[in-house]
Amino acid sequence: MRITLFAVGRLKSGPESELSSRYLDRFAKSGGALGLDFAKTIEVAESRASTADLRKKEESALLIKNMPDGAALILLDERGKTPDSPGFADTLARLRDDGRRDLVIAIGGADGLDPDLHAKADAVICFGRMTWPHQLVRIMAAEQLYRAVTILSGHPYHRA
């Protein structure tokens with residue numbers, strides 16, 4: 001299953017970008033043996049629309065435009081369920097085992113994600129009840145992808 005990370009907003013060069021890239025590189029090198037391949041990161045500019053609802057709709061349209069046909073969708077949203085790392089790994093494995101060819105993991109803009117996307121999502125997850133800067137969410141998503149591969153392969157990186 002090819003996994004794409006979709007993000008509203010651009011990650012500037014610097015330590016956040018380097019750390020995110022490091023985990024995505026680890027994931028790309030480790031995931032193939034498990035049928036989990038890193039496809040790419042898609043960054044889109046934040047909408048400049050005049051209202052939050054319009055901004056979310058415009059950003060949602062960009063996500064839909066960039067999604068491969070039939071792709072599974074995981075939204076990162078503060079109102080989602082908060083799985084543990086093995087649960088996240090199980091979600092990836094289930095989608096892969098169900099024959100999904102592509103998966104998009106979406107990080108919304110400052111206003112969040114359009115409610116219409118929630119109805120289309122295979123899962124809506126949260127990295128905790130606190131509000132996180134988008135730069136950190138990108139790093140956490142990249143790290144959890146790598147951690148999921150280590151969990152599924154039995155590697156000792158994840159110790160519980």
Side-chain angles (χ1 to χ4, degrees), residues 1-46 59-78 80-109 113-114 116-128 132-160:
M1 180 171 64
R2 296 177 300 214
I3 299 176
T4 298
L5 189 59
F6 175 90
V8 176
R10 306 210 187 278
L11 194 57
K12 297 176 177 83
S13 62
E16 296 91 351
S17 179
E18 291 168 16
L19 189 54
S20 178
S21 293
R22 183 179 314 149
Y23 283 118
L24 290 174
D25 287 345
R26 288 180 183 178
F27 173 69
K29 291 175 183 168
S30 313
L34 298 171
L36 298 171
D37 297 306
F38 180 64
K40 60 188 166 190
T41 298
I42 297 173
E43 296 178 321
V44 298
E46 293 181 60
E59 292 163 358
S60 172
L62 291 171
L63 169 60
I64 298 299
K65 177 183 170 187
N66 282 287
M67 277 185 65
D69 289 338
L73 177 62
I74 294 177
L75 302 179
L76 300 182
D77 187 276
E78 64 187 6
K81 293 182 180 179
T82 308
D84 58 12
S85 294
F88 179 67
D90 288 344
T91 298
L92 295 181
R94 179 181 47 81
L95 291 169
R96 176 202 61 201
D97 296 347
D98 285 347
R100 302 303 284 269
R101 184 169 170 85
D102 292 285
L103 166 65
V104 175
I105 299 174
I107 302 167
L113 296 155
D114 186 66
D116 292 342
L117 279 179
H118 286 252
K120 296 175 181 165
D122 294 89
V124 180
I125 64 171
C126 174
F127 286 153
W132 297 100
H134 285 82
Q135 300 95 321
L136 291 181
V137 172
R138 293 270 293 272
I139 294 167
M140 293 178 350
E143 193 279 339
Q144 285 300 302
L145 284 169
Y146 172 64
R147 184 175 296 273
V149 167
T150 66
I151 289 168
L152 294 171
S153 67
H155 187 280
Y157 177 78
H158 177 76
R159 294 175 180 92

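Just so we're clear, the structure is a prediction, and the values are computed from it rather than from any experiment.
Not one N or O on the side chain of Arg147 forms a donor-acceptor pair closer than 3.5 Å with the backbone of Pro86. A donor-acceptor pair is defined here as one N or O able to donate and one able to accept, closer than 3.5 Å; such a pair exists between the side chain of His134 and the backbone of Gly108. Put simply, the side chain of Arg10 gets close to the backbone of Glu43: a donor and an acceptor are under 3.5 Å apart. A donor-acceptor pair is defined here as one N or O able to donate and one able to accept, closer than 3.5 Å; such a pair exists between the side chain of Asp114 and the backbone of Asp116.
Separation of atoms CG (Asn66) and CD1 (Ile42) is listed at 4.0 Å; rounding is to 0.5 Å. Remark: Thr41 OG1 to Arg138 CZ distance equals 6.0 Å, nearest 0.5 Å. Glu143 contributes atom CD, which lies 11.0 Å from atom CG of Leu24 (distance to the nearest 0.5 angstrom). The structure places CG of Leu152 at 11.5 Å from OG of Ser30, a figure rounded to the nearest 0.5 Å. Between the CE atom of Met140 and the OH atom of Tyr23 there is a distance of 12.0 Å, given to the nearest 0.5 Å. Once rounded to the nearest 0.5 Å, the distance linking CD of Glu16 with CD1 of Ile139 reads 5.5 Å.
The minimum heavy-atom distance between Ala106 and Leu63, with the atom names listed, is CB-CD2, 3.9 Å. Scanning all heavy atoms of the two residues, the minimum distance from Glu59 to Glu46 falls at OE2-CA, 3.6 Å. The shortest heavy-atom contact between Ala141 and Leu5 is CB-CD1, 4.2 Å. For the residue pair Val104 and Pro68, the shortest heavy atom distance occurs at CG2-CD, 4.0 Å. Pairing each heavy atom of Gly80 with each of Cys126, the nearest pair is O-CB, 3.6 Å. For the pair Leu62 and Ala45, the tightest heavy-atom approach, listed with the atom from each and the gap, is CD1-O, 4.4 Å.
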Test salt bridge (charged side-chain N to carboxylate O under 4.0 Å, His left out) on Asp37 and Arg2; report intermediate values, then the result.
CA-CA 5 Å; Asp37 297 306; Arg2 296 177 300 214; over 6 Å; no
Quick one: do Leu117 and Ile64 satisfy side chain to side chain contact (heavy atoms under 4.5 Å, CB included)? Show the steps, please.
CA-CA 9 Å; Leu117 279 179; Ile64 298 299; 3.7 Å; yes
Let's go through Ile125 and Leu75 carefully: what are the C-alpha distance in whole Å and the side-chain angles of both, what is the deciding distance for side chain to side chain contact (heavy atoms under 4.5 Å, CB included) to 0.1 Å, and is it a yes or a no?
CA-CA 6 Å; Ile125 64 171; Leu75 302 179; over 6 Å; no
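A heavy-atom distance below 4.5 Å is not found between the side chains of Thr4 and Asp102. The closest side-chain heavy-atom distance from Pro83 to Thr91 is not below 4.5 Å.
Between Tyr146 and the choices Phe38, Phe88, Phe27, Tyr157, the ring-ring contact (aromatic ring centres under 6.0 Å, His included) rule is met once, by Tyr157. Each of Asp97, Leu103, Ile151 was checked for a side-chain contact (heavy atoms from CB on, under 4.5 Å) with Leu92, and the lone residue meeting it is Leu103.
When the shell of 6.0 Å around CZ of Arg101 is examined, it contains 12 or fewer heavy atoms from other residues, nucleotides or ligands.
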